[in-house]
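A quick write-up on the structure given underneath.
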Amino acid sequence: MKVLFMGTPDIAAEALRALAESGECGLVGAVTQPDRPKGRGMKMIPPPVKLYAEKIGIPVFQPSTLKDGAFESELAKLSPDLIIVAAYGRILPKYVLEYPRYGCVCAHASLLPKYRGAAPINRAVMAGERLTGITAIYMDEGIDTGDMIMKIEVPIGENDCAGDVHDRLADAAGRAMVETVRMIKAGVVTRTKQPSEGATYAQKLTREDGELNFSDTAEDLHNRIRGLAPAPCAWTRTPDGKLLKIAEARVSDARSGSDCEAGTVKSLDGGSITVLCGGGSLLSITKVIPEGKGRMDAADYIRGRKIAAGDKLG
RNA sequence: CGCGGGGUAGAGCAGUUGGUAGCUCGUCGGGCUCAUAACCCGGAGGUCAGGAGGUUCAAGUCCCCUCCCCGCAA
């Protein structure tokens, strides 16, 4: 079976790898986003899927748009029987969806119909979910609204960050796609409509999503921090106005009876920065990224004397 | 050539108007204690990113060049 893969970031590259290594199908090509100027100095960075596709020697296509029909002739040449999509980052036009005999299937990183859209992993962790997963669906013209083929559940530990969950989901996405291909080949695929009830959208992350409001409870803050780690990370500001990203924290068992303002640093004991949060709850910050510096343990940050008890964050 | 921060002991930092380097932690040894991520005493550990570059009696500290790292923004 000729399969065309479409995807862009890490998690898509993992799915592609699983497919390639499974030997279940013939990969006729990988479609991914064009190289974009990224990072310091705005250097052109190729997407992970491109790197992997080149590594295993399958043709790479990076159309800047799928709408102008230029890709249509490419598609005809490749004549895939099935298109597999994973975080491609663009809506597929109708002609693409309708081209393959076996349709277009997609691995989405949530238990649909929850967390449709751009940032399902981050949003799920930020919301304090304890369970997420990969849902394999047939694509339709909506955003992650197609009929479901299968799900693989992935638990979220109470201290897991989005990166941890991402890695597990990447693995699950690969398994889901390989299994889906097998089922399609065997002709045993089932389609289940997504229930309309419980559908939510995982909006793309914005800078404001990362701002910590210490009047929230420590648990909410912890979820936000985990949901945005290891990147782009939640942030706050130190008394001198500098940006301080919070890469890792723990909810403290203790509570504070004091009536200091939320955001006040209560203690630096044990190498973590304990901050007063909403309702007297306490959050212990254990890893930070100071402005202009790299990630470091809170203990190191404290040693550099960048913060003192009584300072107010936020 | 997007904006900015930085390269000083294993780690995080300081180093004043230039005079051969300090702090906190860790580490090693010893002591105290019922006990300790506690405390006390002592030690090791740095060619201060590189350039047999410039200025100077003297440069971590000023000037020039190179390399590397990082934060922001995309």
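The figures that follow rest on heavy atoms only: side chains count, while hydrogens, waters and symmetry mates do not. This structure is a prediction, so every number in the text was calculated from the model and none was measured.
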* **C1' gap between B:U55 and B:C68, integer Å** => 27 Å

* Asked: Do A:Arg237 side-chain atoms and A:Gly314 backbone N/O form a donor-acceptor pair below 3.5 Å?
  -> no

* Could you check which nucleotide pairs with B:U56 in any of the strands shown, counting Watson-Crick or G-U wobble with both distances under 3.5 Å? => none

* Asked: Would you say the side-chain atoms of A:Gln194 pair up with the backbone N or O of A:Asp144, donor to acceptor, closer than 3.5 Å?
  -> yes

* Send over the distance from A:Arg207 CZ to B:A73 C1', rounded to a whole Å. => 9 Å

* Any-strand Watson-Crick or G-U partner of B:G46, both distances under 3.5 Å -> none

* Which nucleotide, in any strand shown, forms a Watson-Crick or G-U wobble pair with B:U61, with both distances under 3.5 Å? -> none

* Just by distance, do the side chain of A:Trp235 and the backbone of A:Arg207 share a donor-acceptor pair under 3.5 Å? -> yes

* Taking the same atom, C1', in B:U24 and in B:A35, what whole-Å distance lies between them? -> 25 Å

* Asked: Should the pair A:Asp171-A:Arg175 be classified as a salt bridge under the 4.0 Å nitrogen-to-oxygen rule?
  -> yes

* To do: Return the nucleotide paired to B:G71: Watson-Crick means purine N1 to pyrimidine N3 with N6-O4 or O6-N4, wobble means G-U with N1-O2 and O6-N3, both under 3.5 Å.
  => B:C3

* Can you tell me the distance, in whole Å, between the NZ atom of A:Lys287 and the P atom of B:G12? => 14 Å

* Sugar-phosphate or base contact per nucleotide [nucleotides 2-9 of chain B; S, B, -; heavy atom under 4.0 Å] -> BBBB----

* When the C1' atoms of B:C69 and B:A52 are considered, how many whole Å apart are they? -> 27 Å

* Asked: Is there a donor-acceptor pair under 3.5 Å between the side chain of A:Asn122 and the backbone N or O of A:Leu228?
  -> no

* Asked: Which residues in residues 299-314 of chain A have at least one heavy atom lying under 4.0 Å from any atom of RNA chain B?
  -> A:Asp300, A:Arg303, A:Gly304, A:Arg305

* **Given RNA chain B, 5'-ward residue of the pair A:Pro37 and A:Ile289, judged by closest heavy atom** => A:Ile289

* Asked: To the nearest Å, how far apart are A:Arg295 CZ and B:C69 P?
  -> 17 Å

* Quote, to the nearest angstrom, the P distance that separates B:G30 from B:G71. => 42 Å

* To do: Describe, in one word, how the ring planes of A:Phe71 and A:Phe61 are oriented to each other, choosing from parallel (under 30°), tilted (30 to 60°) and perpendicular (over 60°).
  => perpendicular

* Asked: Can A:Asp209 and A:Arg123 be counted as an ion pair, charged N to O under 4.0 angstrom?
  -> yes

* Asked: For A:Leu283, does its backbone N or O pair with a side-chain atom of A:Ser252 as donor and acceptor, under 3.5 Å?
  -> no

* Quote, to the nearest angstrom, the P distance that separates B:C57 from B:A14. => 32 Å

* So, does A:Arg168 use its side chain to make a donor-acceptor pair with the main chain of A:Pro155 at under 3.5 Å? -> yes

* **Whole-Å distance separating the CG atom of A:Leu268 from the C1' atom of B:U24** => 13 Å

* Asked: How far does the C1' atom of B:U36 sit from the matching atom of B:A44, given to the nearest Å?
  -> 26 Å

* With rounding to whole Å, what would you report as the distance between B:C48 and B:U33 at their P atoms? -> 45 Å

* Nucleotide paired to B:A37 in any strand shown, Watson-Crick or G-U, under 3.5 Å -> none

* Asked: Rounded to the nearest Å, what distance is computed from the CE atom of residue A:Met296 to the P atom of nucleotide B:G71?
  -> 11 Å

* Whole-angstrom distance between B:A74 and B:A49, as gauged at atom P -> 34 Å

* **Complementary nucleotide of B:G22, counting Watson-Crick and G-U pairs under 3.5 Å** => B:C13

* Grab the CG-P distance between A:Leu205 and B:A73 for me, whole Å please. => 12 Å

* Could you tell me whether the side chains of A:Ser284 and A:Thr274 share a donor-acceptor contact shorter than 3.5 Å? => yes

* When you look at CD of A:Glu219, are more than 12 heavy atoms from neighbouring residues, nucleotides or ligands closer to it than 6.0 Å? -> no

